[in-house]
Visitor: 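The structure follows.
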Number of protein chains: 2
Amino acid sequence: MNQRDIARIAGVSTATVSRVINQKGNVDRDTYAKVLKVIEEQGYVPNTIAKSLRVRQTKTIGFVIPDIGNPFFPEVLKGVESVCVQHGYNIILGNTNEDVETERSVVRNLRQQRVDGLLMILVDERGETLRWGLRGAEGRFPIVFIDRHIKGFQYDSVVIDNEGGAFQATDYLLRLGHRRIAMIHGPVTMTPGGGRLRGYLEAMRAWGVEVVAEYVREGDFRTKSGYELAKHLMSLPVPPTAIFGGNNLMTMGIFEALRDMGIAVPDQVSLVGFDDFLLGAYLSPPLTVVDRPMSDMGRIAAELLISRIENRDQTAVRKVVLPTALRIRQSCREPQS
Amino acid sequence: MNQRDIARIAGVSTATVSRVINQKGNVDRDTYAKVLKVIEEQGYVPNTIAKSLRVRQTKTIGFVIPDIGNPFFPEVLKGVESVCVQHGYNIILGNTNEDVETERSVVRNLRQQRVDGLLMILVDERGETLRWGLRGAEGRFPIVFIDRHIKGFQYDSVVIDNEGGAFQATDYLLRLGHRRIAMIHGPVTMTPGGGRLRGYLEAMRAWGVEVVAEYVREGDFRTKSGYELAKHLMSLPVPPTAIFGGNNLMTMGIFEALRDMGIAVPDQVSLVGFDDFLLGAYLSPPLTVVDRPMSDMGRIAAELLISRIENRDQTAVRKVVLPTALRIRQSCREPQS
DNA sequence: GGAAGCCATGTAAGCGTATACAATTGACGG
DNA sequence: CCGTCAATTGTATACGCTTACATGGCTTCC
């Protein structure tokens with residue numbers, strides 16, 4: 001059952017059927033009704049593939065993420081989905097498993113699928129995989145980066161104020177009176193790793209508090225590294241009085257480690273996390289965290305992307321930086337020791 | 001840049017280029033190498049849309065879910081994604097927002113997008129929306145239901161043993177000595193609502209314990225209903241000594257209510273939840289829950305679907321029922337009163 | 001009354017691919 | 001030497017759609 005069938009049954013040409021379906025061009029009221037009736041009766045649905053081939057757009061975007069399992073992802077997706085559905089776009093998922101190789105093939109695959117644009121939370125911030133996957137299409141292909149800005153690409157991005165957020169959190173701990181503040185940050189080569197570390201360092205400097213090298217440790221953004229580094233920190237001869245976790249998962253690891261070691265939060269040590277999610281509010285004690293508007297990030301990124309797609313003459317690269325907010329709950333207090 | 005361009009540059013016909021790309025049919029080693037070289041040099045990628053139109057399959061499946069926000073979803077998706085990537089399939093997302101109207105349009109949309117098959121966690125278990133969205137394509141279109149079986153449709157499904165899981169949990173509480181066991185279950189019209197309720201009732205009957213009508217309340221699977229119903233239950237003249245939460249979110253609500261009321265778990269009341277997720281293990285106390293293999297559900301469903309897609313002559317409808325497992329942690333103990 | 005313009009519709013081309021079929025070549029057995 | 005067959009390649013069509021262009025009829029305005 002295709003347009004030609006409908007045309008035949010309704011006694012019109014395929015052009016008219018197409019015009020009816022797309023409500024484009026002039027068509028007589030009676031003809032319109034007649035065609036619509038036939039379509040309805042026959043249960044005909046247009047073939048979007050054929051349409052895509054013809055009009056050279058798929059009304060589909062690709063959403064590339066490093067890890068489906070990270071709670072960050074569904075939050076962002078929520079925002080993306082809401083604007084996509086508004087504009088009639090579909091979302092094809094691409095999971096890179098935090099792996100550069102996979103990332104490369106995902107980009108390539110998505111490009112083959114002829115998505116109209118790409119939303120990407122990349123692993124490879126050097127942009128190698130992207131450059132490779134895009135060969136020949138660079139610049140002509142709408143892309144918006146989320147959470148990370150890739151050097152050397154003239155594409156829009158939606159990120160958060162990592163430095164500001166980390167500064168705020170550290171400043172908060174300093175104001176409570178903490179001086180021995182540890183930070184477990186993510187890989188410094190990544191925006192969310194390096195940026196948050198810088199925020200922490202800046203706050204320390206602003207208060208004139210010396211940074212103890214032993215207190216600043218690099219994790220890999222996963223739960224386990226938070227767990228292990230926290231254990232290490234608290235085993236130090238002079239342990240910190242507060243710990244700042246560089247992302248949600250590592251903070252969970254820290255939390256677990258403290259519980260396992262029987263160290264009370266916030267009585268023996270204060271804890272601040274980066275990223276809020278379901279967890280924060282339900283734990284005992286509820287965690288004080290730097291919250292960021294994840295759903296908004298998705299929403300704004302999708303809007304940016306779609307406007308690029310539908311209005312290609314824009315040129316200025318836009319970089320949207322969203323603010324963070326410190327959610328003060330009960331995992332911090334003045335230092336006791 | 002298309003096949004014709006490659007053909008021209010390589011000095012062969014498009015047919016040969018196609019044969020090289022798809023490694024189908026006989027082609028001389030030298031010709032093969034030559035064409036491949038040109039493809040490489042030109043950075044040509046085949047147009048999958050055109051291919052899809054021609055071969056009448058898209059190598060894409062639709063995944064319809066009621067709520068992106070539910071932690072259940074990414075878990076299932078993880079399983080789905082892993083097998084899709086193995087078989088070279090893409091995933092298009094469809095979020096129904098737990099809304100029947102949206103569900104209808106999502107199904108219709110996905111059908112238009114010409115996905116090769118559909119994975120569905122449906123809201124409307126009566127199947128009305130599905131029947132409507134599928135008009136004309138019923139039976140000819142591969143579908144696998146996840147978590148819920150839709151009456152009146154001859155499609156495969158992957159569900160869990162809701163009754164067994166609920167039985168096991170209730171039995172566990174009974175063995176601990178509880179008799180006043182409350183259950184906050186989901187809508188009985190839904191598989192996970194009715195099934196779990198039945199499991200609870202069966203266990204009670206098996207032990208010859210009378211079911212107190214006041215202790216059995218229906219929620220809507222959302223956090224808030226769990227919160228409110230738990231408050232209600234614990235305000236009863238004779239409150240229950242144990243509560244069984246019908247899903248993850250409602251259990252969270254119950255947990256919160258108990259905390260707000262200052263009721264200690266498990267000392268004053270025992271708590272068992274249905275569905276494990278990140279949360280369970282981190283709460284204080286860690287929750288005892290009925291766990292189900294969510295990722296496996298996705299994996300198996302996707303495998304089922306893809307085998308249907310690629311081997312359409314199979315006929316027998318398969319209904320896979322996965323077992324649950326009771327994860328005993330620290331939210332239950334013998335009744336005190 | 002005729003030029004101009006609009007409306008409704010049809011005709012046909014082409015988007016980029018896969019593939020049935022035909023054509024050419026060379027090998028090989030009788 | 002001829003028929004047969006396999007290997008290699010090319011030609012041409014169709015997948016289902018949109019749309020530029022053509023056509024014919026009607027209105028409108030000088």
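Keep in mind that this is a model prediction, so the values were computed, not measured. Proteins come first, then strands; the chains are lettered A, B, ... in the order of their sequence lines, and each starts at number 1.
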Visitor: Nearest of D:dG10, D:dT9, C:dT9 to any side-chain atom of A:Val27?
Guide: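 Out of D:dG10, D:dT9, C:dT9, the nucleotide with an atom closest to A:Val27's side chain is C:dT9.
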
Visitor: In terms of the nearest nucleotide of DNA chain D, which residue is placed more toward the 5' end: A:Thr14 or A:Arg4?
Guide: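 Result: A:Arg4.
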
Visitor: Counting the atoms with a prime plus P, OP1 and OP2 as sugar-phosphate, which does A:Thr31 contact under 4.0 Å by heavy atoms, base, sugar-phosphate, or nothing?
Guide: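 Answer is sugar-phosphate: A:Thr31 comes under 4.0 Å of backbone atoms only.
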
Visitor: Which part of the nucleic acid does A:Tyr32 contact within heavy-atom distance under 4.0 Å: base, sugar-phosphate only, or nothing?
Guide: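 Since no nucleic acid heavy atom lies under 4.0 Å of A:Tyr32, the category is nothing.
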
Visitor: Between C:dG16, C:dA8, D:dG10, spot the one nearest the side chain of B:Ala15, thanks.
Guide: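 Output: D:dG10.
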
Visitor: Choosing from D:dC17, C:dT17, D:dT8, which nucleotide comes nearest the side chain of A:Gln3?
Guide: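 Nearest listed nucleotide: D:dC17.
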
Visitor: I'd like to know if A:Lys78 and A:Glu75 make a salt bridge, using a cut-off of under 4.0 Å between side-chain N and carboxylate O.
Guide: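 Answer for the salt bridge query: yes.
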
Visitor: Give each protein N/O atom lying under 3.5 Å from an N/O atom of nucleotides 21-28 of chain D, with the pair distance.
Guide:
none

Visitor: Would you mind reading off the distance between A:Ile49 atom CD1 and C:dG14 atom P, rounded to a whole angstrom?
Guide: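 Taking atom P of C:dG14 as the reference, CD1 of A:Ile49 is at 23 Å.
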
Visitor: Using whole Å, report how far CG of B:Leu53 lies from P of D:dA14.
Guide: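 The distance from CG of B:Leu53 to P of D:dA14 comes to 14 Å, rounded to the nearest Å.
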
Visitor: What contact category does B:Asn47 fall into here, base, sugar-phosphate, or nothing, at under 4.0 angstrom with non-hydrogen atoms?
Guide: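 Since only primed, P, OP1 and OP2 atoms lie under 4.0 Å of B:Asn47, the category is sugar-phosphate.
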
Visitor: Side chain of A:Arg56, heavy atoms from C-beta onward: which of C:dT11, C:dG16, C:dT17 has the nearest atom to it?
Guide: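 Selected nucleotide: C:dG16.
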
Visitor: Look at the side-chain N and O atoms of B:Lys51 and state whether any lies under 4.0 Å from the OP1 or OP2 oxygen of C:dG16.
Guide: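 Checking C:dG16 against B:Lys51, no side-chain N or O comes under 4.0 Å of OP1 or OP2.
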
Visitor: Is B:Thr48 reaching over with its side chain to a backbone N or O of A:Gln112, donor-acceptor style, under 3.5 angstrom?
Guide: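 It does hold such a pair.
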
Visitor: Can you see whether B:Phe72 has B:Arg292 sitting over its ring - NZ or CZ less than 6.0 Å from the centre and within 45° of the normal?
Guide: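 Output yes; distance and angle both within limits.
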
Visitor: Please check if any side-chain donor atom of B:Thr189 sits under 3.5 Å from a side-chain acceptor atom of B:Glu125, or the reverse.
Guide: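 Note: B:Thr189 and B:Glu125 side chains miss the donor-acceptor criterion.
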
Visitor: Identify which nucleotide among C:dG10, D:dC17, C:dT17 has an atom closest to any side-chain atom of A:Ala50, counting heavy atoms from C-beta outward.
Guide: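 Per side-chain heavy atoms of A:Ala50, the pick is D:dC17.
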
Visitor: Return the 5'-most residue of the pair B:Val55, B:Thr16 with respect to DNA chain D, ranking by each residue's nearest nucleotide.
Guide: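 Whichever sits nearer the 5' end wins; that is B:Thr16.
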
Visitor: Grab the CD-P distance between A:Gln57 and C:dG16 for me, whole Å please.
Guide: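 Result: 15 Å.
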
Visitor: Rounding to a whole Å, what distance do you find between A:Gln112:CD and C:dT17:C1'?
Guide: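 In whole Å, C:dT17 C1' lies 13 Å from A:Gln112 CD.
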
Visitor: Does B:Arg4 have more than 12 heavy atoms from other residues, nucleotides or ligands lying within 6.0 Å of its CZ?
Guide: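 No, because the 6.0 Å sphere around CZ of B:Arg4 holds 12 heavy atoms or fewer from other groups.
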
Visitor: Under 3.5 Å, side chain of A:Asn311 to main-chain N/O of A:Ser307, donor-acceptor pair present?
Guide: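 Here the side-chain-to-backbone pair does not exist.
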
Visitor: Rounded to whole Å, how long is the line connecting atom CZ of B:Arg29 with atom C1' of D:dT9?
Guide: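 These atoms are roughly 18 Å apart.
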
Visitor: For a quick test of reading the model, state the closest non-hydrogen atom pair linking B:Leu119 to B:Ile146 and the distance between them.
Guide: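 Of all heavy-atom pairs spanning B:Leu119 and B:Ile146, the closest is CG-CD1, 3.9 Å.
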
Visitor: By the 4.0 Å heavy-atom rule, please label B:Asn2 as base, sugar-phosphate, or nothing.
Guide: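 The residue B:Asn2 makes sugar-phosphate contact but no base contact.
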
Visitor: Tell me whether the count of non-hydrogen atoms from other residues, nucleotides or ligands lying under 6.0 Å of CZ in A:Arg104 goes above 12.
Guide: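 Check passes, neighbour count above 12.
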
Visitor: Please report, rounded to the nearest Å, how far the P atom of D:dG16 is from the CG atom of A:Asp5.
Guide: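 Taking CG of A:Asp5 and P of D:dG16, I get 9 Å after rounding.
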
Visitor: Atom NZ of A:Lys34 and atom P of C:dA8: how far apart are they, to the nearest Å?
Guide: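 The answer, rounded to whole Å, is 14 Å.
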
Visitor: Starting from P on D:dG16, measure out to CZ on A:Arg8 and report it in whole angstrom.
Guide: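 Atom CZ in A:Arg8 sits about 13 Å away from atom P in D:dG16.
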
Visitor: How would you label the contact of A:Ser18 with the nucleic acid (heavy atoms, under 4.0 Å): base, sugar-phosphate, or nothing?
Guide: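 Contact class for A:Ser18: base.
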
